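Here is the structure we will look at.
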Amino acid sequence: MVEAADSGSKPLLSPDGIRTDGRKIDEMRKVKMEVGLLKNCSGSAYIEQGKTKIIVAVHGPREAHPKHLAQPGRAILRTRYHMAPFSTSDRKSPAPSRREIEITKVIREALEPAVMLDEFPKTSIDVFIEVLQADAGTRSAGITAAALALAEAGIPMRDMVAAVAVGKLEGRVVMDLNEEEDEHGQADMPVAMMPNVNRITLLQLNGRLTRAEFEEGLSMARRGVDQLYEMQKQALREKYTSSEPAQEED
Amino acid sequence: MVEAADSGSKPLLSPDGIRTDGRKIDEMRKVKMEVGLLKNCSGSAYIEQGKTKIIVAVHGPREAHPKHLAQPGRAILRTRYHMAPFSTSDRKSPAPSRREIEITKVIREALEPAVMLDEFPKTSIDVFIEVLQADAGTRSAGITAAALALAEAGIPMRDMVAAVAVGKLEGRVVMDLNEEEDEHGQADMPVAMMPNVNRITLLQLNGRLTRAEFEEGLSMARRGVDQLYEMQKQALREKYTSSEPAQEED
Amino acid sequence: MVEAADSGSKPLLSPDGIRTDGRKIDEMRKVKMEVGLLKNCSGSAYIEQGKTKIIVAVHGPREAHPKHLAQPGRAILRTRYHMAPFSTSDRKSPAPSRREIEITKVIREALEPAVMLDEFPKTSIDVFIEVLQADAGTRSAGITAAALALAEAGIPMRDMVAAVAVGKLEGRVVMDLNEEEDEHGQADMPVAMMPNVNRITLLQLNGRLTRAEFEEGLSMARRGVDQLYEMQKQALREKYTSSEPAQEED
Amino acid sequence: MDSVNSISEAASLRLRDLNAVLATGVREDGRKLDEYRNIDIKTNLYEKADGSAMVRIGNTVAVAGIKIARGAPFPDTPNDGVLTVSLELLPHASPDFEPGPPDEGAIEMSRVVDRGLRESKSIKYNELCIIPGKSVWIIYVDVYALDHDGNLQDAAGLAALAAVLTAKLPEVKIEGDTVTELETKRPIPIVETPVPVTVAKVGDHLLVDPSAAEEEVSSVRVTMTTIESGVVASIQKSGSDSITMEEALKIYDLAFARAKEIRGKLTAALGVSPA
Amino acid sequence: MDSVNSISEAASLRLRDLNAVLATGVREDGRKLDEYRNIDIKTNLYEKADGSAMVRIGNTVAVAGIKIARGAPFPDTPNDGVLTVSLELLPHASPDFEPGPPDEGAIEMSRVVDRGLRESKSIKYNELCIIPGKSVWIIYVDVYALDHDGNLQDAAGLAALAAVLTAKLPEVKIEGDTVTELETKRPIPIVETPVPVTVAKVGDHLLVDPSAAEEEVSSVRVTMTTIESGVVASIQKSGSDSITMEEALKIYDLAFARAKEIRGKLTAALGVSPA
Amino acid sequence: MDSVNSISEAASLRLRDLNAVLATGVREDGRKLDEYRNIDIKTNLYEKADGSAMVRIGNTVAVAGIKIARGAPFPDTPNDGVLTVSLELLPHASPDFEPGPPDEGAIEMSRVVDRGLRESKSIKYNELCIIPGKSVWIIYVDVYALDHDGNLQDAAGLAALAAVLTAKLPEVKIEGDTVTELETKRPIPIVETPVPVTVAKVGDHLLVDPSAAEEEVSSVRVTMTTIESGVVASIQKSGSDSITMEEALKIYDLAFARAKEIRGKLTAALGVSPA
């Protein structure tokens with residue numbers, strides 16, 4: 001918050017393209033993924049992306065509740081994106097904010113194209129995304145982890161889903177904003193994609209991009225999604241080759 | 001609001017019976033009514049009474065929702081009286097106030113005697129009254145417009161309903177208070193009537209009236225209702241003789 | 001509230017074991033019980049314990065509402081503990097506080113062991129406890145009165161239930177705290193018991209007790225429950241021998 | 001025919017029978033059509049409240065408790081104290097009442113109690129000012145319907161009135177912006193006694209102070225609050241039916257006459273009357 | 001095959017038919033695929049609001065009202081005014097809308113309107129500061145969806161924009177910490193015109209400004225808000241389907257072209273353009 | 001016979017079987033009746049929190065995060081800091097948990113955690129005072145139940161305790177009424193270690209640290225929080241059954257013995273003990 005007052009005086013990108021946390025323009029933050037750490041749900045995943053820390057659980061397919069929500073020909077997908085009161089600089093009220101309600105919706109719509117809902121008529125598949133620490137990119141990291149948790153729950157999917165936010169700093173398009181960059185940068189564009197079928201399932205933008213920057217941002221997001229997809233596959237492999245329960249924290 | 005402090009020093013009625021907006025004691029404000037301006041409902045009406053501006057829509061008869069509200073032998077009439085946040089001097093919170101909840105009830109009970117609910121068993125007839133600008137007399141203008149919208153929706157009625165508030169200024173009974181008169185006057189009595197069967201369907205009073213003033217107020221309201229009823233008939237005629245869509249605003 | 005600041009300087013117990021309101025260590029406050037004063041419910045009771053004043057009504061057994069709450073093999077017991085806005089030193093908001101929600105639960109669980117719920121399948125037995133004046137010991141007095149109201153409603157019970165809070169003042173275990181003692185004392189332990197089967201149905205503690213004090217507190221509560229049980233029986237006798245309606249207030 | 005809108009078929013059969021009985025001039029409980037039930041009033045029931053009253057009308061009971069606190073005035077009335085009335089239909093009062101936030105009917109009832117006290121202007125709000133624009137007395141009136149055998153509206157209104165008439169607020173010492181509450185107390189400044197009386201219409205008959213059984217088959221009730229001089233200060237028509245202008249005037253006459261009697265009982269019971 | 005996730009079987013039959021029709025390049029209402037409906041804009045409808053506008057797109061109508069008040073800035077932007085957008089889908093607008101607190105869809109819609117105005121940085125928030133860190137102008141924009149025949153998102157966004165463009169706030173005199181509002185007024189400082197355009201995907205086709213019938217069978221909509229220079233300031237993909245990168249870019253091109261036309265109409269209708 | 005009140009018929013059959021097994025002194029998971037599961041404690045997980053801890057008891061997991069802020073004290077304790085405990089049963093933890101505001105059970109659980117920390121008076125609230133009557137430290141403890149295999153109450157209580165024991169608050173410089181937070185930090189002043197232990201009754205048996213399967217057939221649980229000296233600072237009986245006075249005392253003995261062991265593990269894991 002201290003940076004807010006004098007953000008103008010501190011460039012977010014050095015002349016030779018180095019960001020305040022030492023990353024290069026197209027470099028993602030350090031990412032850690034783990035699958036299956038929770039025992040009383042159908043599937044779970046934990047992700048750290050920089051200082052952003054998120055835990056996701058999936059319950060279902062199970063009887064839809066309340067019953068009138070059940071659809072005859074397919075499962076319904078329910079999501080919840082929520083931030084812990086201790087996840088932010090100032091304590092966040094536990095009541096869902098309008099922002100959390102919107103993100104809950106766009107995350108659901110980012111996952112729905114991939115989940116084969118017609119295989120489980122009348123049921124509900126519930127995805128709960130809890131942000132334990134927020135340092136920008138929580139919706140995209142939440143989607144990446146949610147797809148992992150769905151996979152562990154054995155829900156059939158057309159494709160994986162992974163997501164990353166690209167942004168603009170000092171006129172340059174960059175990969176995976178951290179919180180300082182998100183607050184003082186010029187644009188923030190989260191993008192979720194299905195990596196194999198090459199389709200966008202979430203697309204939002206806050207900020208100012210020219211057409212060329214928009215196009216460059218989409219391409220950079222595509223590269224980020226590819227990197228995350230490789231990590232997702234690796235995390236699932238580790239889960240199924242290890243007999244030891246995973247450790248979610250060091 | 002500025003007037004509040006020195007209201008004592010400014011008479012609301014001149015010695016020769018002229019009010020601050022130039023009207024005579026038994027003179028109604030300028031009224032404008034239009035029917036059928038909204039396209040995605042069963043019926044609609046717009047009313048301006050002085051600076052009070054209200055839009056009403058009717059949906060139904062339609063399946064009652066939630067179902068347990070349905071009555072075997074008749075329709076239920078649902079109403080909602082609500083004020084837009086920008087309708088008042090200070091922004092109004094959009095959450096329904098206790099005042100709006102009470103007015104919703106008395107408006108419903110002002111319309112119910114006229115609507116032939118037993119013709120549509122198990123259904124719901126929904127009347128939505130939105131105050132876009134409030135300058136006193138909103139509940140009475142809302143009733144007048146609601147009856148028009150019900151008529152356009154083709155709901156059979158025993159009689160029309162029209163309403164006006166009478167009041168007391170400087171000891172005299174007067175017709176159709178405006179906001180300044182309502183705030184600083186001595187009494188405010190909204191009255192709704194069915195003009196042909198000559199019966200009162202809404203009656204409230206805030207303020208101080210003697211028995212004689214009460215009786216005079218009822219008679220004056222009766223005259224106001226007659227005027228409004230003529231305008232209601234004219235507005236419906238215009239709707240059905242015109243093939244052009246009505247314009248709700250100049 | 002004035003006492004709070006200098007509570008250290010004012011002993012709650014004199015060297016010869018006399019409390020600030022003149023009571024001895026094991027002396028209960030004055031208790032008054034009356035049964036059957038409300039006419040439009042299945043059973044009712046009123047209790048005064050010191051300045052604590054509570055009125056309880058029971059409705060049922062009756063159809064459980066909403067229906068999905070009904071249990072095939074037994075009645076459900078619903079309770080509500082609530083404090084009147086005027087019952088406390090500062091006005092209490094009428095919305096149920098977290099404290100009231102917790103007390104509602106522990107009171108229900110204090111009554112459930114005694115009520116023969118399996119005699120009334122699919123029904124609901126509803127116990128409403130309203131604190132009209134709060135001066136400590138409201139949950140225990142509420143339980144004592146609730147058991148009376150259940151008895152008047154003709155609900156079969158395995159045993160009566162009565163409750164009292166014991167506490168600790170200046171290192172001594174004492175009977176039935178009043179508000180000043182509750183606020184500035186060292187411990188508060190409400191206990192509900194079924195007097196004939198000698199079993200504890202509510203047990204809570206706030207404060208600091210050694211094992212010996214805990215044991216002594218339980219024994220003192222047992223003696224308090226015995227006294228209250230005698231008064232309960234007397235109140236029920238009065239109800240059924242008197243043809244006059246009881247007076248709930250002098 | 002208008003009157004069947006909001007009442008059930010069973011009730012409408014009962015209404016036909018009742019209408020015939022009422023034509024004889026006597027009600028099911030033996031009262032005449034314009035007769036009020038017995039009223040019992042007790043005050044000062046709760047030491048922690050700044051005022052309290054319990055009113056019993058037959059088997060209908062309401063309780064009111066008052067808490068007084070200092071607070072800021074409304075910006076448009078900087079010299080006036082504030083009155084706040086809330087009402088809860090306690091689940092004790094009837095198998096039909098559920099606990100929870102007040103429904104439409106309870107909100108209407110509390111607002112009618114509120115307007116009865118407020119619109120009469122019988123309370124001198126300017127005498128509740130402590131420091132103009134900054135600090136005034138706020139009077140919270142919380143009313144509980146405790147036992148429901150009809151006409152809770154009047155029971156609630158009378159309980160609120162009796163509680164206000166017997167409540168006490170502290171005298172204060174003001175030094176600059178510092179307000180100190182003294183030990184001495186004074187009554188709430190109220191100069192008239194606004195008494196609510198409810199009249200129900202059952203069939204063609206106007207019934208004063210309806211019982212629960214009468215309310216069940218009635219489709220209109222009118223509550224009028226009048227003061228000593230005959231001035232009517234608040235009216236509320238409630239229910240899904242209509243009345244004629246003649247009925248409105250007849251209700252006024254009934255309400256004023258009954259209020260006069262009730263005012264006498266109130267003064268006798270409380271040993272106080274407005275200043 | 002992805003596109004049937006969230007639409008019913010009936011709708012999916014309708015979608016098959018419609019897809020064939022759209023292949024001819026003409027929509028059910030006669031429009032071309034990239035054609036916007038007629039737009040009608042009125043402003044200054046409500047004297048008590050500090051700004052207001054009604055926008056009609058075909059038979060879709062939205063109204064926006066603005067109230068301006070002084071208040072404290074957010075701690076992290078002590079020199080900036082505050083913009084607050086709320087949106088209600090009035091039950092008037094459609095048989096499918098129920099009164100009550102906004103649901104997920106209405107919240108998303110209002111946040112997209114909000115970001116369209118905010119993220120473009122077209123409003124000079126620092127010129128809404130009165131006393132740094134203490135007092136700023138708060139601009140409440142309340143939007144009502146009044147009649148729903150599709151594309152409420154754009155109608156709401158344009159109504160909000162037109163209301164902001166024509167709203168007035170008082171000049172002030174500042175002496176120490178005392179702020180006096182003067183009689184003279186000035187416009188909200190806005191230097192660009194961020195115009196939202198929504199494109200729906202129906203089958204394989206991109207349809208500009210979808211009607212209600214088209215929305216029913218569409219499973220993705222994208223709203224892009226662009227300014228004069230071609231900069232896109234806000235994007236929202238909504239709906240349970242996916243798009244390709246090529247479609248994203250094509251939507252940008254459609255949105256920018258249509259926004260240019262709409263901006264012309266807006267300037268003509270309002271007689272104002274950003275400072 | 002009392003014990004069947006609130007458990008289903010299936011559960012009551014399971015209870016009969018389990019009762020026989022427990023008579024042998026061994027539980028389904030191999031533990032002795034008075035044996036606690038393995039406990040794992042991690043702290044300082046979240047840099048943005050002022051303190052945090054994760055506690056695992058078998059497959060039960062709870063997380064606690066602490067935020068510390070300056071605020072006003074309660075009027076009746078002007079010299080004391082404030083502790084605020086909230087608890088959410090995350091839907092992650094069990095298929096039976098729904099998101100939304102806490103229900104009765106979650107509220108009870110959070111209040112038991114709160115009283116365990118508060119009523120022991122182990123935290124020196126007066127050392128959390130900054131300016132008497134004006135400014136004190138407010139300690140928000142937010143607890144999440146993350147994985148539910150029984151005895152969430154103890155997991156939540158231990159996570160809250162471990163978070164408090166390792167949390168840090170800033171030193172301050174006070175000049176007049178101006179408070180400046182310094183870079184240096186100090187621990188929350190806590191002088192004892194109040195440890196909660198829950199004992200469930202299943203049939204005639206008292207089981208320490210019940211698993212989810214055991215809780216399902218148990219109709220009473222008692223949580224006792226004890227400190228080093230053996231003083232019990234908080235008790236909560238939960239569930240629709242009764243206990244004898246002898247059982248109450250036996251539960252105290254079990255709780256004190258297990259708390260002593262847990263206190264050792266806590267000190268070892270955290271490398272801290274109360275000042």
Side-chain angles (χ1 to χ4, degrees), chain B residues 2 36-46 48 50-63 65-66 78-96 100 104 124 126-135 145 149 153 179 245 247-250, chain E residues 40-56 58-61 63-69 71 84-102 106 110 138-150 152 159 163 167 181 211-212:
Chain B
V2 179
L37 22 27
L38 299 180
K39 303 308 173 200
N40 294 288
C41 54
S42 312
S44 62
Y46 175 77
E48 286 185 14
K51 282 189 272 187
T52 287
K53 302 182 183 187
I54 296 173
I55 191 158
V56 178
V58 169
H59 291 291
R62 57 179 177 177
E63 199 181 350
H65 173 81
R78 291 200 312 162
T79 51
R80 185 204 196 207
Y81 165 95
H82 186 254
M83 298 176 83
F86 49 81
S87 66
T88 49
S89 295
D90 293 324
R91 179 174 183 269
K92 194 209 153 278
S93 157
E100 284 167 296
T104 288
S124 167
D126 300 341
V127 180
F128 298 111
I129 297 166
E130 191 71 30
V131 179
L132 297 170
Q133 186 157 274
D135 194 74
E179 188 168 85
Q247 292 288 319
E248 79 274 22
E249 297 292 337
D250 290 331
Chain E
D40 179 56
I41 301 166
K42 295 200 178 69
T43 55
N44 295 315
L45 306 163
Y46 310 117
E47 299 88 333
K48 292 199 176 184
D50 297 306
S52 57
M54 177 181 288
V55 168
R56 187 186 292 275
N59 280 332
T60 289
V61 182
V63 166
I66 289 180
K67 298 295 286 185
I68 297 178
T84 298
V85 176
S86 304
L87 179 143
E88 189 174 340
L89 302 175
L90 272 207
H92 299 56
S94 162
D96 297 334
F97 294 170
E98 278 292 311
S110 72
I138 301 177
I139 301 177
Y140 295 97
V141 182
D142 284 286
V143 185
Y144 270 10
L146 213 58
D147 212 355
H148 174 30
D149 188 27
L152 281 174
E181 297 187 10
S211 67

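In what follows, chains are A, B, ... by sequence order, proteins preceding strands, each numbered from 1. Here the structure is a predicted model, which means the values were calculated and not measured.
By the neighbour-count criterion of 12 heavy atoms within 6.0 Å, atom OH of Tyr140(E) is sparsely surrounded, having that number or fewer from other residues, nucleotides or ligands.
Among all heavy-atom pairs drawn from Tyr144(E) and Ala84(B), the shortest one is OH-CA, 3.0 Å. The minimum heavy-atom distance between Asn59(E) and Asn40(B), with the atom names listed, is O-ND2, 3.9 Å. Shown here for Asp147(E) and Leu38(B), the closest heavy-atom pair between the two residues is OD2-CA, 3.3 Å. Closest of all the heavy-atom pairs between Ser89(B) and Lys67(E) is O-NZ, 2.7 Å. Looking at every heavy atom in both residues, Ile66(E) comes nearest to Phe86(B) through N-CB, 4.3 Å. Residues Gln133(B) and Tyr46(E) share a closest heavy-atom pair of OE1-C, 3.1 Å.
Using a 4.5 Å cut-off between heavy atoms, Ala93(E) touches chain B through its backbone atoms (N, CA, C, O) alone. Heavy atoms closer than 4.5 Å to chain E are found nowhere in Ser44(B), neither backbone nor side chain. Looking at Lys48(E), both its backbone and its side chain come within 4.5 Å of chain B, counting heavy atoms on both sides. Only the backbone of Ala134(B) comes within contact range of chain E, with at least one heavy atom under 4.5 Å from a heavy atom of that chain. Interface remark: Ser42(B) contributes no atoms to any contact with chain E (heavy atom separation under 4.5 Å). Residue Arg91(B) touches chain E through both its backbone and its side chain, counting heavy-atom pairs closer than 4.5 Å. Residue Ile68(E): no heavy atom, backbone or side chain, is found under 4.5 Å from chain B. In this structure, the portion of Val56(B) lying under 4.5 Å from any heavy atom of chain E is its backbone and not its side chain.
With a 4.5 Å cut-off on side-chain heavy atoms, Pro95(E) and Arg62(B) count as touching. Side-chain contact between Glu130(B) and Leu90(E): present, with at least one pair of heavy atoms (C-beta onward) separated by less than 4.5 Å.
Atom NE2 of His148(E) is separated from atom SG of Cys41(B) by 13.5 Å, given to the nearest 0.5 angstrom.
Here the side chain of Lys39(B) pairs no donor or acceptor atom with the backbone of Asp149(E) at under 3.5 angstrom.
Chosen from Glu88(E), Glu47(E), His92(E), the residue pairing most often with chain B at heavy-atom distances under 4.5 Å is His92(E). In terms of heavy-atom pairs under 4.5 angstrom with chain B, the leader among Ser86(E), Ser94(E), Ser52(E), Pro101(E) is Ser94(E).
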